[in-house]
Amino acid sequence: MKKQYYLILLFLVFSISLQAQYGKQKKADKLYSNFAYTEAVDLYKELIENKYNLKENRLKLADTYMKLRSPENAVFYYEDLLKDSTNISTEVYYEYAQALRGAKRYDESREWLQKYLKSHAGASAEANKMLNQENSEIQTTYRLIKSDFNSEFSDFGALKYKGETYLVSARNSENSEKEYSWNEEPFLDIYKLNSGGEVSPISGEINTKLHDGPISFSPDGETLYFTRNNYFNNKEGKRDKEATNHLKIYSAQKSGNNWVNIQELPFNSDDYSVGHPTVSKDGKTLFFASDMPGGEGGTDLYKIIINKNDTFETPENLGSKINTAEDETFPFIDEDNVLYFSSTGHGGYGLADIFKSDLKAENIEIQNLGETINSNLDDFSFFRETLTNAGFIASNRDGSDNVYGFNQLLPLILKGKVTDVINGNPIAQATIRLFNKNNQEIAFLESDEDGNYQTAVNRNVDIPLEAKQIEYKNFNDTLDTRNMDGSEEMIYDIELQPVADVEYLAEINNIYFDFDKSNIRPDAAEELDKLAEIMKKEYPDLVIEIGSHTDKRGSDNYNEALAERRAEATRDYLIAEGISGERIQKRAFGERKPAIDCDRCSSEQHQLNRRSMFNVVKMN
């Protein structure tokens, strides 16, 4: 009876514990569904410690950390999941690869992307882009400085209009009545920086108790477009069926120093989000981000025509070249119709990178802005002042969203002259090849008739270089383009060492002799004239050696003497052409080093053995 009592007690304790874990699970999942990720983390950790629904909760916690943009923590739980669980969806491989990239573990990220592609027949184009991504193109360089108007909370969406700086911030203000459950920060408001560096809320009734911002001005400054949660006339709008209050774009009109007449734009919806407005410099087109149905997936970028009477045409998706199955956000259009935007789907250096695309181009291409402006985490909200090299981005690379001012430096112009190291003469048609850190060729150049070459290169990198010309030895070096911020161009002259081969340098052939003769034939004189010319004009310090030979007919002693006469005749001809005898050495080989080693030689073979040849003794 006593044993049965303990069994019943044990069963009751187990049931109560199981019921408690079940309740905790429901609460954690509800917090997750309501975007209360910070609170959900602690509950998922407790469930994992109690080994409750271990596989599912590890996956949920890893995903929660990714939502909180903490890939290092996400990696830890993905690793445990992949190590201890079976029947893992291949989609987890992709998510794990994303987390590894955010943690700067790029090689491992590529390995898991490869596993994902191998095991997933319908793998997304985005995975292929990340795996095959190259960033060897010549890029603008950006110098970043963290802005001193950042707060301890999220700050982003900074822009300048008519010399005044505006930004979006979660810093505590009168409008922040409660915290945003996602990250437990105050809700976002729009702020303005005054001349004294003080930050204060924008004037008018723009800011509400929910999220407000980012913003964009019409070119004439009379209209302000801004993002806001569905909130109008001091009242929260309708939520969708999952109880989500979506983002919408509103407009306001300038009246003195205030913004009035707030209007909701007609293409908003209660069922999906529309936000991140940016106006083209001619004021005719509004670009924005939205997850409206019919897109490529995630959040896409759209444009819409603004009519003269402030009505709007139908939104137009920017297409699959720009939009991916992931998220494209924070568009910015410059005066040259170049679109800048943030994307998690085009691959890059981190979770979200900033890209650009020239919308005027016939074939649209997407270019990553590079490792300086992009980090391993999220980089977004690009803005550049018209006709300047200055602007802002936002990034959470230091933990929370902060604004960074940038100075844009154009690619460095590399230029120089290729010359002969002996005489300083320019070398035409020398080939110059430049490589990246992976030894991939990034430029192939050819010097002009004056020896000049020029190309654009990236800053802040090492660039291996190779120069060649058929009459010269190969040249190799590595250029360092760091610490060149104050320069628009880098001068790098190349000196090539001539090959120690007279026949190459003078473009001459061997000179040949008649049987048993040592006189210089007319065909030999033509070759010697070319040699004399290069020794006088190109290489005035060149010292050569004449080596003379005979065929095998005649005795050794006779052929030695004949070879000596041929060498002397060759030397005398060059001296007669103005070459100092001190620059000409000679050797007689007789028949000892035949060009054609034969026992019963033909007349043609005998002729090839009767010759004088030339070697370089000294060139400097």
Visitor: For Asp378 and Asn396, which I'm curious about, is there any donor-acceptor pair between the side chains at under 3.5 Å?
Guide: yes
Visitor: Check the side chains of Glu313 and Asn307 for a donor-acceptor pair under 3.5 angstrom, ignoring hydrogens and angles.
Guide: yes
Visitor: Compare every heavy atom of Ala103 with every heavy atom of Val75, then report the nearest pair and how far apart it is.
Guide: CG2-CB, 4.3 Å
Visitor: Nearest heavy-atom pair of Pro219 and Tyr161: which atoms, and what distance?
Guide: O-OH, 3.0 Å
Visitor: For the residue pair Ile373 and Asp379, establish whether any side-chain heavy-atom pair is separated by less than 4.5 Å.
Guide: no
Visitor: Treating Arg384 as the side-chain partner and Asp334 as the backbone partner, does any N or O pair qualify as donor plus acceptor under 3.5 Å?
Guide: no
Visitor: Between Asn261 and Gln263, do the side chains contain an N or O donor and an N or O acceptor separated by less than 3.5 Å?
Guide: yes
Visitor: Any heavy-atom pair between the side chains of Lys356 and Leu339 that's under 4.5 Å?
Guide: no
Visitor: Does CG in Asn257 sit with more than 12 non-hydrogen atoms of other residues, nucleotides or ligands closer than 6.0 Å?
Guide: no
Visitor: In plain terms, say whether Lys281 and Glu335 are close enough for a salt bridge, that is, a side-chain N and a carboxylate O under 4.0 Å apart.
Guide: no
Visitor: Any carboxylate oxygen within less than 4.0 angstrom of a Lys/Arg side-chain nitrogen, looking at Arg239 and Asp270?
Guide: no
Visitor: Over 60° means perpendicular and under 30° means parallel, so tell me whether His346 and Phe341 are parallel, tilted or perpendicular.
Guide: perpendicular
Visitor: Under 3.5 Å, is there a donor-acceptor pair linking the side chains of Asp353 and Asn368?
Guide: yes
Visitor: Are Arg105 and Glu79 close enough for a salt bridge, meaning some N to O gap below 4.0 Å?
Guide: yes
Visitor: Work out which heavy atom in Leu414 is nearest to a heavy atom in Leu479; give both atom names and the distance.
Guide: CD2-CD1, 3.6 Å
Visitor: Establish, yes or no, whether the cationic atom of Arg143 lies under 6.0 Å from the six-membered ring centre of Phe406 and within 45° of the ring axis.
Guide: no
Visitor: Which atoms form the tightest heavy-atom contact between Ala394 and Ser381, and what is the distance?
Guide: CB-OG, 3.5 Å
Visitor: Using distance alone, with no hydrogens and no angle criterion, decide if Ser169 and Asp155 have a side-chain donor and acceptor under 3.5 Å apart.
Guide: yes
Visitor: Could you check whether any side-chain heavy atom of Phe226 comes within less than 4.5 Å of a side-chain heavy atom of Ile202, counting everything from C-beta outward?
Guide: no
Visitor: Between Leu359 and Phe287, is there a side-chain heavy-atom distance shorter than 4.5 Å?
Guide: yes
Visitor: Less than 4.5 Å apart, side chain to side chain, heavy atoms only: is that true for Ile413 and Gln454?
Guide: yes
Visitor: Set out, in order, the CA-CA distance, both residues' side-chain angles and the distance that settles side chain to side chain donor-acceptor pair (under 3.5 Å) for Ser343 and Glu328, then state yes or no.
Guide: CA-CA 4 Å; Ser343 173; Glu328 281 68 49; 2.6 Å; yes
Visitor: Would you call the rings of Phe392 and Phe149 parallel, tilted or perpendicular, where under 30° means parallel and over 60° means perpendicular?
Guide: perpendicular
Visitor: So do Leu188 and Asp212 actually touch side chain to side chain, heavy atoms under 4.5 Å?
Guide: no
Visitor: Verify whether one side chain among Asn245 and Glu236 offers a donor that lies under 3.5 Å from an acceptor in the other.
Guide: yes
Visitor: Taking the six-membered ring of Tyr404 as reference, does the cationic atom of Arg397 (NZ for Lys, CZ for Arg) lie under 6.0 Å from its centre and within 45° of its axis?
Guide: yes
Visitor: Under a 3.5 Å threshold, yes or no: a donor from one side chain and an acceptor from the other, between Asp291 and Ser273?
Guide: no
Visitor: Could you give all pairs that pass the ring pair (Phe, Tyr, Trp, His ring centres under 6.0 Å) test and reach residues 356-381, with sequence neighbours left out?
Guide: Phe156-Phe380, Phe330-Phe380
Visitor: With the side chain counted from C-beta on, respond yes when Met490 and Met484 share a heavy-atom pair under 4.5 Å apart, and no when they do not.
Guide: yes
Visitor: Using 0.5 Å steps for rounding, measure from the CG atom of Asn268 to the OG atom of Ser290.
Guide: 8.5 Å
Visitor: Using the salt bridge (Lys or Arg N to Asp or Glu O under 4.0 Å) rule, take Asp462 and Arg482 through it: C-alpha gap first, then chi angles, then the decisive distance, then the call.
Guide: CA-CA 8 Å; Asp462 290 327; Arg482 298 176 183 85; 2.7 Å; yes
Visitor: Please check if the number of heavy atoms outside Asn483 that lie under 6.0 Å from its CG is greater than 12.
Guide: no
Visitor: Are Asp336 and Lys360 ion-paired here, with the side-chain N under 4.0 Å from a carboxylate O?
Guide: no
Visitor: Give me the atom names and distance for the closest heavy-atom approach of Ser203 to Trp259.
Guide: O-CD1, 3.7 Å
Visitor: Which atom names give the shortest non-hydrogen contact between Thr299 and Asp327, and what distance separates them?
Guide: N-OD1, 2.8 Å
Visitor: When the ring centroid of Phe288 is compared with that of His276, is the distance short of 6.0 Å?
Guide: no
Visitor: When the ring centroid of Tyr93 is compared with that of Tyr116, is the distance short of 6.0 Å?
Guide: no
Visitor: Is the ring pair Phe332/Tyr340 parallel, tilted or perpendicular, if the boundaries are 30 and 60 degrees?
Guide: tilted
Visitor: Apply salt bridge (Lys or Arg N to Asp or Glu O under 4.0 Å) to the pair Glu222 and Lys254, showing each step before the final yes or no.
Guide: CA-CA 5 Å; Glu222 295 300 312; Lys254 190 174 182 62; over 6 Å; no
Visitor: Would Arg433 pass as a cation-pi partner of Phe444, given that its NZ or CZ must be under 6.0 Å from the six-membered ring centre and within 45 degrees of the axis?
Guide: no
Visitor: I'd like to check Leu377 versus Arg69 (side-chain heavy atoms, cut-off strictly below 4.5 Å). Are they in contact?
Guide: no
